[in-house]
Amino acid sequence: MARWRIHRLKINGFKVFTQFSESYSSDLVIYDGPNGFGKTSLFDAKQLLFCCELPRISARHRALKSGSKKYNRSIFQNHNCHDGISIIAELKKGNEILYVMRLAKQEDLDLSVNRPNSFNEFKLYELSGFDETASPRLIDDEKQFWSEKFGNKFLENFPVLNYLQQDSKSIVIPDGCNSDKRTDQISHLLNLDELDIRIDTIGKLKSESKAQLGETNKVYIEQKTQLEELQRTLTVSDATPVAYTKLTELKITPQWDLKTPFTVGSFKNLDQLLGQLDLLNQVYVGRHEVAKRIRNQQKIEFTKRNEFDLAVRLFHHFDKLPDLHKNKAELDKLEKICSALDTDVSKLTSSHGSLISSYIEEQESIKLMQLLDDKNKLHLGHSSVSKKQAVVMQLRTKLLQTVDNSEHDCPLCGFDYQENSILLSAIEAKTALLEQKLTTIGLQINQCYQALEGILVPLKAKYIPLLETVRREFNVKLHSELAEYEHQMQRLVSIGQKLEMQGIKLPRVYASDSEDQSKQVSAVNTAILRSLEPEDEMLSTNQFDFFKAHFSDLSKLENLTEEQIEQKKNYIQQQYKLTVNASIIERQKDVEFYHSKYLHLEDLCSKLENIETQLKRARTHYTNQTLGQMESLFHIYSGRLLQNYQSGLGVFIDTPNGKQRKTAAMNFTTVRDSEHDAALSMSSGQISALSLSLFLALNKKYAKTAFVFIDDPTQCMDEINIASLSDLLRVELRDRQVVMSTHEQDISDYLCYRYGKAGLSRKQVNLLEKVKLLSN
């Protein structure tokens, strides 16, 4: 049956290769040449092409704990290339041809973090031809693509069926590159995925069931213990039910006054409730003392009110407020007229005249208003002449500066004065005339002022002394404070009257100073404290606080009786008994429920244990059966590759015994010692040979593709084992395309010679010569 083979390979910009191309048409393709010329890089390129990752590099990066550093350049890109990385392969299967390309574009690499364990930039494409890279088809689901082409689970099985890395021992001794367990790497071959999922699911269900079983048993014991405690306190309810009577009227009813003071889940505070009822009874007995303390407290609280200080100081003064208002109005009028009389006569206006006129006779009023009118007119005339005089003076100065002695025409009106001196004399005459007018008007104004003073002086003599007298007699602060609190007058007077009725004398003299005011209020406070009723110590602070917390006023307490309080005690005790009995019934149900749940969980755990055991046995049986199909091949191959170990008897596979959840117990044993794993007593070279044996056996039995990649398998082999390897490859894998490497030229020649003797095609690729050829 035809299987897929690699026909051609082309690499650009990957690791040591700026470019590389090679055909693979032979049964054996062997890379040779010194170290450092790209043998392992070629195998990395093939693994990256198929798997889009290099687990070996990722494992080393993880072990070095390099963190999340961002790199400027990818570790996989050749330093001389700046056009991205591409790996192109042509694969054939009979007449079928497949062209695939793994490509990391340069722009993606530039934008990437370029960490060694990140391969997101490498995308898989399908090509229409080996060199047709212009329009590739992106493969979205690589796993499905390879499964359709190369068989189910190709990617999972690639590390154990198609590629054995250099000095690889991961199949025998897991190194973390592909798996942390030996058999995890070959579990996909055994088709145990679904069975493993079922075993894991059953295991999780069993663990959860056991956890619930333990928790249920814990709750069951707790419930049973509580039930036994309740049964020990079981009592018989009173035959005659006690009626419920509510004793308080609060919005939030206290628990001792509730109709249902207990619940099935909460009934352990009986003593606390009974203690509160005893406290209530003590408060009721001392209700007269409660009343006394309430009265005292009301007096004390009364002194702390904001209105108290005002009432104390202003109570005896509010009746003065009407007269004070009248006096204030009279004072305001006097202040206005006196302000007008004090005004300088030059600044008097008609509004002042109107105000003053109301205080003089009619004839005097007419004369006053006429004088004020004349004053205003004279002021206007004087102002007009003054302005003209100022203009003439400015013109005179300007004329003297601008007119020559020979000029005699007036620059203003153009009149010809014949001589310059006559012009200047005319200007001087005009100036003198204006000064005369100003003098005349000034005299008239002075006469008007004297006439006004004649009217105002008698008024000043009369009203200014009167104003001073009224001001002395008027208490400004008292009026201001009474007016400020006039809207509270009724309330403040009522407070003062209550204090007077209690025999508390309030001050009759108004104190304007703040210190004196404080003394007045302090004296009243002292008098109130002296008036407090003496309190008896029979009522404790706790009892009084209980009253305040449960009763809105004293009348509610006084309406109670001792019989009602005793009845409330009996009611609470009866409700407690009923609740305990009901709790026992509920607890019995809970105990039965959790006991039943425990039995069900116990049965479920037993059934899950049986199911898990059966699945493990089925898994073990299938594993033994499947491994047995290639165990003989492995035994033969290991014997041929380990001829100097155990006399070439080969190594056996110790299959699992069914007790483990996984096949992790698969061991390699020998005839001489079947207890310990053979790998523990092998050298590094022997372990490499053992890994190669298992790899070839697995490939022979399970591989669905023809290509086999082996990186330098002979580095730890002697001549006998190399000869055995050549026979094993050319006989057992003669239908495979083997691609391998070696750094020794004679081994490469020997293997090609042995393939040629068997009639198989072979090809040697010397990388040192190839690099020299590309350089030229």
May I have the step-by-step check of side chain to side chain contact (heavy atoms under 4.5 Å, CB included) for L213 and T216, ending in yes or no? CA-CA 5 Å; L213 181 65; T216 301; 5.6 Å; no
Which is it for K259 and K246 under the side chain to side chain contact (heavy atoms under 4.5 Å, CB included) test, yes or no, and what are the steps along the way? CA-CA 8 Å; K259 187 173 184 179; K246 196 171 188 299; over 6 Å; no
For L279 and Q543, run side chain to side chain contact (heavy atoms under 4.5 Å, CB included): C-alpha distance rounded to whole Å, both residues' side-chain angles, the deciding distance at 0.1 Å, then the answer. CA-CA 6 Å; L279 196 59; Q543 293 169 349; 3.5 Å; yes
Decide yes or no on side chain to side chain donor-acceptor pair (under 3.5 Å) for Q212 and H600, but give the supporting numbers first. CA-CA 11 Å; Q212 291 189 20; H600 284 299; over 6 Å; no
Run the side chain to side chain donor-acceptor pair (under 3.5 Å) test on Y594 and E222 for me, step by step, so that the C-alpha distance in whole Å, both residues' side-chain angles and the decisive distance to 0.1 Å come before the verdict. CA-CA 10 Å; Y594 284 106; E222 291 176 355; over 6 Å; no
List the steps and the verdict of salt bridge (Lys or Arg N to Asp or Glu O under 4.0 Å) for K336 and D332. CA-CA 6 Å; K336 286 182 180 180; D332 291 342; over 6 Å; no
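The side-chain heavy atoms of L280 and Q282, taken from C-beta on, include no pair separated by under 4.5 Å. Counting heavy atoms from C-beta outward, L64 and H61 have side chains that stay 4.5 Å or more apart. Annotation: side chain of Y510 is in contact with side chain of N475 (closest heavy-atom distance under 4.5 Å). Between F315 and E500, some side-chain heavy-atom pair lies under the 4.5 Å cut-off. The shortest side-chain heavy-atom distance between Q255 and N269 falls under the 4.5 Å cut-off. Considering only heavy atoms from C-beta on, V290 stays 4.5 Å or farther from R293 through its side chain.
Looking only at distances, a side-chain donor or acceptor of N376 sits under 3.5 Å from a matching main-chain atom of L372. In this structure, the side chain of Y220 does not engage the main chain of V591 through any donor-acceptor pair within 3.5 Å. Remark: side-chain polar atoms of S358 are paired, donor with acceptor, to backbone N or O of L355 under 3.5 angstrom. With hydrogens and angles ignored, the 3.5 Å screen pairs no side-chain donor or acceptor of S606 with any backbone N or O of E602. A donor-acceptor pair is defined here as one N or O able to donate and one able to accept, closer than 3.5 Å; no such pair exists between the side chain of K556 and the backbone of T248. Looking only at distances, no side-chain donor or acceptor of N610 sits under 3.5 Å from a matching main-chain atom of T613. Using a distance-only test at 3.5 Å, with no hydrogens or angles considered, a donor-acceptor pair links the side chain of T225 to the main chain of I221. With hydrogens and angles ignored, the 3.5 Å screen pairs no side-chain donor or acceptor of S58 with any backbone N or O of P55. In this structure, the side chain of S350 does not engage the main chain of G353 through any donor-acceptor pair within 3.5 Å. Formation of a donor-acceptor pair under 3.5 Å by the H550 side chain with backbone atoms of F546 is found in this model.
For the residue pair H352 and T349, a side-chain donor N or O sits within less than 3.5 Å of a side-chain acceptor on the partner. H288 and E558 share no donor-acceptor pair across their side chains, judged by distance under 3.5 Å alone. When only modelled atom types and interatomic distance are considered, K320 and H317 share a side-chain donor-acceptor pair under 3.5 Å. For the residue pair Q520/R313, the side-chain donor-acceptor check at 3.5 Å is not satisfied. Donor-acceptor pairing under 3.5 Å is lacking for the side chains of N117 and E53. Donor-acceptor pairing under 3.5 Å is recorded for the side chains of E535 and N296. Side-chain contact check for D344 and S346: at least one donor-acceptor pair (N or O, by modelled atom type) lies under 3.5 Å.
Among E362, M369, E364, the one residue that satisfies the side-chain contact (heavy atoms from CB on, under 4.5 Å) test with I366 is E362. With R587 as reference, Q226 is the one residue of E592, Q226, E228 to meet the side-chain hydrogen bond (donor to acceptor under 3.5 Å, both in side chains) rule. Just one of F262, Y571, W256 meets the ring-ring contact (aromatic ring centres under 6.0 Å, His included) condition when paired with Y576; it is F262.
With rounding to the nearest 0.5 Å, the separation of OG in S583 from CG in L578 is 10.5 Å. Note that CG of L601 and CG of L608 are 10.0 Å apart. Values are rounded to the nearest 0.5 Å. With values rounded to the nearest 0.5 angstrom, Q573 atom CD is found 11.0 Å from L273 atom CG. Taking CD of Q567 as the start and OG1 of T561 as the end, the distance is 8.5 Å to the nearest 0.5 Å. Atom CD of residue E215 and atom CD of residue E208 lie 10.5 Å apart, to the nearest 0.5 angstrom. The distance from the CD atom of E481 to the CG atom of L314 is 4.5 Å, given to the nearest 0.5 Å.
Within a 6.0 Å sphere centred on NZ of K477, other residues, nucleotides and ligands contribute 12 heavy atoms or fewer. Counted within 6.0 Å of NZ on K299, heavy atoms from surrounding residues, nucleotides or ligands total more than 12; the atom is thus considered enclosed. The environment of CD in E249 is sparse: at most 12 heavy-atom neighbours from other residues, nucleotides or ligands sit within 6.0 Å. Other residues, nucleotides and ligands contribute at most 12 non-hydrogen atoms within 6.0 Å of the CZ atom of R198. For NZ of K206, the number of neighbouring non-hydrogen atoms (other residues, nucleotides, ligands) closer than 6.0 Å is greater than 12.
Between I300 and T303, the shortest heavy-atom distance links the atoms O-OG1, 2.5 Å. Between L321 and H479, the shortest heavy-atom distance links the atoms CD1-CD2, 4.4 Å. Scanning both residues, F474 and N327, for their nearest heavy atoms gives CD1-CB, 3.6 Å. Of all heavy-atom pairs spanning A291 and L554, the tightest one is CB-CD2, 3.2 Å.
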Can you give each donor-acceptor pair under 3.5 Å made by side-chain atoms of residues 482-499, sequence neighbours left out, with the distance rounded to 0.1 Å?
from : atom 1 : to   : atom 2 : distance (Å)
H487 : ND1    : E484 : O      : 3.3
R491 : NE     : E307 : OE1    : 3.3

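A salt bridge between K548 and D545 is present, with a side-chain N of the basic residue lying under 4.0 Å from a carboxylate O of the acidic one. Under 4.0 Å is where a charged nitrogen must lie from a carboxylate oxygen, and between K204 and D200 no such pair does. Between E156 and K143, at least one side-chain nitrogen of the basic residue sits less than 4.0 Å from a carboxylate oxygen of the acidic one, meeting the salt-bridge criterion. The pair K292-E289 meets the salt-bridge criterion, with a side-chain N (NZ, NE, NH1 or NH2) lying under 4.0 Å from an Asp/Glu carboxylate O.
The aromatic rings of Y463 and Y359 lie perpendicular to each other, with more than 60° between the two planes, well past the 30° mark.
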